[in-house]
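Notes follow the structure.
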Amino acid sequence: METLENKVYYPRIDLYRFVFTIFVVILHFECFYPTKPKDNIFALYRSVDFFFLLSGFLLFKSFKNQKYQNALDFTLSKAKKLMPINIAVILTASVFASLPNTFAVKSLFGSCKALFVNLVSSIPNIFFVQLFIPILEKFVPSRFEAFPMWYISSMIVSCFIWFWLLSSLKNKTEANSKYHSWGLVAAVLVYSSVFYLYGKTDVAFDEIIPYFNLPAGFFRGFADIGLGIFFANYELKIENSKLRCFLKLFFPLLLFVIIFYAKYTVFDYIYVFFCAVTLLFELSLKETPKTNKIYSCLGKAALSVYFTHAFVIFYEYTPLVQKFPELGNHFYIDICIRILLVFVTAFIMYWLSKPIKIALDKLYSVIKYKYEED
């Protein structure tokens, strides 16, 4: 979930980001610890498509504004913003996964060894390539799986490829050509192929695309970003202020309602395209509300919650349920505990990431990246 790049700030996008992040948290909790009202809850898998589409919109805006020299420059800027919170969660999870059951000299040596193994095996996670380089699990025993962050990995790599493709197409064609249309072509081809192979578009890292030997989740992200790139070339201007105010309520309400409708069906196509139209409308608004700080805080909270919620599920909530199995019989208490754990942990990880960011900034300052054109 990357932050907005351009000088123009769209605060409502941060609100969308926060809501969809909560949807993802609910989905992952329900996958491991389902609650009673769970009829359509698993349709929330569509939330990830919103983040991919948003990445496509923001990528094309950055590309059009010529803010970055090339695809590598663009990708590194994305990774740098996500790296502090990512490292904070990985380090904390590594320590938690290495703690001994009983404290003794022998168990402490074992914990140090486990911590080393966990850190080494998390190298792909640190550099956001865990979706493409899972080879460490074949060489390192007791493979440590920090959290299901396949989306970030797919987003980073897909954005690099798309930025490179846009740069290549722009150099080979006229400046005003419709090379961005390849985003729509890629989306249609990938969506139809994935649905034909698996009967759904809810694919992540478990399914492998034949011949390519790559996770289907990567192609899903690549298609969504391509569709976002295509729609980012247009603007939805609505002069009537009353109609604009109505749509500001109608679009998000309808989007959040129909996300629960007809899961694992061809309705996924409709939802993704409607989500793209909603983003087109939101990014066409030029209004600046007075509550920018509130929206900005929600955006920051969304990022921290997204990175930390799996840590909460595996290392905080699971031990709690194991110790108090009767917790599942008290629905409202259970939900309140989940909410409390998620937001308190997100807040703590956010502050833990600050010194890491300072250290990384110092490291970045001594590493010079230079791009030389032929």
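The ring-ring contact (aromatic ring centres under 6.0 Å, His included) search around Phe163 returns Phe63, Phe74, not counting sequence neighbours. The ring-ring contact (aromatic ring centres under 6.0 Å, His included) search around Phe324 returns none, not counting sequence neighbours. With sequence neighbours excluded, no residue forms a side-chain hydrogen bond (donor to acceptor under 3.5 Å, both in side chains) with Lys80. Partners of Phe20 under the ring-ring contact (aromatic ring centres under 6.0 Å, His included) rule, at least two apart in sequence or in another chain, are Phe23, Phe50, Phe256. Ala204 is linked by a side chain to side chain contact (heavy atoms under 4.5 Å, CB included) to Trp150, counting only residues two or more places apart in sequence or in another chain. For the side-chain hydrogen bond (donor to acceptor under 3.5 Å, both in side chains) test, residues two or more places apart in sequence or in another chain that qualify with Tyr317 are Asp334, Arg338. Thr318 is linked by a side-chain hydrogen bond (donor to acceptor under 3.5 Å, both in side chains) to Tyr33, counting only residues two or more places apart in sequence or in another chain. For Val188, the side chain to side chain contact (heavy atoms under 4.5 Å, CB included) partners at least two apart in sequence or on another chain are Leu184. Partners of Phe127 by ring-ring contact (aromatic ring centres under 6.0 Å, His included), not counting sequence neighbours: none found.
Leu72 approaches Phe160 most closely through the heavy-atom pair N-CE1, 3.7 Å. Shown here for Ser94 and Asn118, the closest heavy-atom pair between the two residues is O-ND2, 3.6 Å. Scanning both residues, Ala262 and Thr265, for their nearest heavy atoms gives O-OG1, 2.7 Å. Considering every non-hydrogen atom in both Phe18 and Leu298, the closest pair reads CD1-O, 3.6 Å. For Lys263 against Ala43, the heavy-atom pair with the smallest separation is CB-CB, 3.7 Å. Val342 approaches Thr308 most closely through the heavy-atom pair O-OG1, 4.4 Å.
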Go through the steps to decide whether Leu15 and Glu282 satisfy the test side chain to side chain contact (heavy atoms under 4.5 Å, CB included), and finish with yes or no.
CA-CA 11 Å; Leu15 178 60; Glu282 294 291 345; over 6 Å; no
For a side chain to side chain contact (heavy atoms under 4.5 Å, CB included) check, start with the C-alpha distance between Tyr271 and Tyr261, then their side-chain angles and the critical distance, and finish with the verdict.
CA-CA 9 Å; Tyr271 182 81; Tyr261 179 75; over 6 Å; no
Start with the C-alpha gap between Arg220 and Val48, add the side-chain angles, then the distance that decides, and say whether side chain to side chain contact (heavy atoms under 4.5 Å, CB included) holds.
CA-CA 10 Å; Arg220 176 187 179 186; Val48 177; 4.1 Å; yes
Given the rule in the side chain to side chain contact (heavy atoms under 4.5 Å, CB included) test, do Ser167 and Asn70 qualify, once you have shown the distances and angles that lead to the verdict?
CA-CA 7 Å; Ser167 299; Asn70 52 64; 5.8 Å; no
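Side-chain atoms of Leu119 and Leu91, non-hydrogen and from C-beta on, do get closer than 4.5 Å to each other. Annotation: side chain of Val25 is not in contact with side chain of Val312 (no heavy-atom distance under 4.5 Å). In this structure the side chain of Leu115 reaches within 4.5 angstrom of the side chain of Val95, judged on heavy atoms. No side-chain heavy atom of Trp182 sits under 4.5 Å from any side-chain heavy atom of Leu165. Counting only heavy atoms from C-beta outward, the side chains of Phe311 and Met349 approach each other to under 4.5 Å. Residues Leu280 and Phe57 meet the side-chain proximity criterion, which asks for heavy atoms closer than 4.5 Å. Side-chain contact between Phe231 and Leu53 is absent, with no heavy-atom pair separated by less than 4.5 Å. When side chains are defined from C-beta on, Ile313 does not count as touching Cys31, because their heavy atoms never get closer than 4.5 Å.
Using a 4.5 Å cut-off between side-chain heavy atoms of Ile, Leu, Val, Met, Phe, Trp and Tyr, Leu253 falls into a hydrophobic cluster with Val257.
Note: Ile156 CD1 to Ser55 OG = 8.5 Å, rounded to the nearest 0.5 Å. Here the OH-NZ distance, from Tyr364 to Lys357, works out to 9.0 Å after rounding to the nearest 0.5 Å. Considering NZ of Lys67 and OG of Ser77, their distance stands at 7.5 Å, rounded to 0.5 Å. Of the inter-residue distances, the one linking Met155 atom CE with Asp224 atom CG reads 12.5 Å to the nearest 0.5 angstrom. Between the CG atom of Asn240 and the NZ atom of Lys237 there is a distance of 16.0 Å, given to the nearest 0.5 Å. Asp361 CG to Ile356 CD1: the interatomic distance, rounded to the nearest 0.5 Å, is 12.0 Å.
Distance alone, capped at 3.5 Å, places no donor-acceptor pair between the Arg17 side chain and the Gly299 backbone. Of the possible donor and acceptor atoms, one in the side chain of Asn86 sits under 3.5 Å from a partner among the backbone N and O of Ile126. Using a distance-only test at 3.5 Å, with no hydrogens or angles considered, a donor-acceptor pair links the side chain of Arg12 to the main chain of Lys248. Formation of a donor-acceptor pair under 3.5 Å by the Ser353 side chain with backbone atoms of Ile85 is not found in this model. With hydrogens and angles disregarded, a donor-acceptor distance shorter than 3.5 Å links the side chain of Ser111 to the backbone of Ser98.
Aromatic rings from Phe212 and Phe219 are positioned such that their centres are separated by under 6.0 Å. Here the two rings, on Phe52 and Tyr151, have centers that are under 6.0 Å apart.
The list of side-chain hydrogen bond (donor to acceptor under 3.5 Å, both in side chains) pairs with a residue in residues 198-212, not counting sequence neighbours, reads Thr201-Asp268, Asp202-Tyr264. For the side-chain hydrogen bond (donor to acceptor under 3.5 Å, both in side chains) condition, the pairs that include at least one residue of residues 342-352, sequence neighbours left out, are Glu316-Thr345, Tyr350-Lys354.
In Phe347, the CZ atom is not crowded: 12 or fewer heavy atoms of neighbouring residues, nucleotides or ligands sit closer than 6.0 Å. Other residues, nucleotides and ligands contribute at most 12 non-hydrogen atoms within 6.0 Å of the CG atom of Asn213. Shown here is Gln66, whose CD atom has no more than 12 heavy atoms of other residues, nucleotides or ligands within 6.0 Å.
Linking Ile, Leu, Val, Met, Phe, Trp and Tyr residues whenever their side-chain heavy atoms come within less than 4.5 Å places Leu189 and Phe222 in a single cluster. Placement of Trp164 and Val185 within a single hydrophobic cluster is found when ILVMFWY residues are connected by side-chain heavy-atom separations under 4.5 Å, directly or transitively. Phe32 is connected to Val321 through a chain of hydrophobic side-chain contacts under 4.5 Å among Ile, Leu, Val, Met, Phe, Trp and Tyr, so both are in one cluster.
Screening Leu227, Leu54, Leu58 for a side-chain contact (heavy atoms from CB on, under 4.5 Å) with Leu279, the sole residue that qualifies is Leu54. Of the residues listed (Tyr10, Phe274, Phe251), the one engaging Phe281 in a ring pair (Phe, Tyr, Trp, His ring centres under 6.0 Å) is Phe251, and it is the only one.
Using a 30° and 60° split on the angle between ring planes, Tyr306 and Phe51 fall in the perpendicular class, above 60°.
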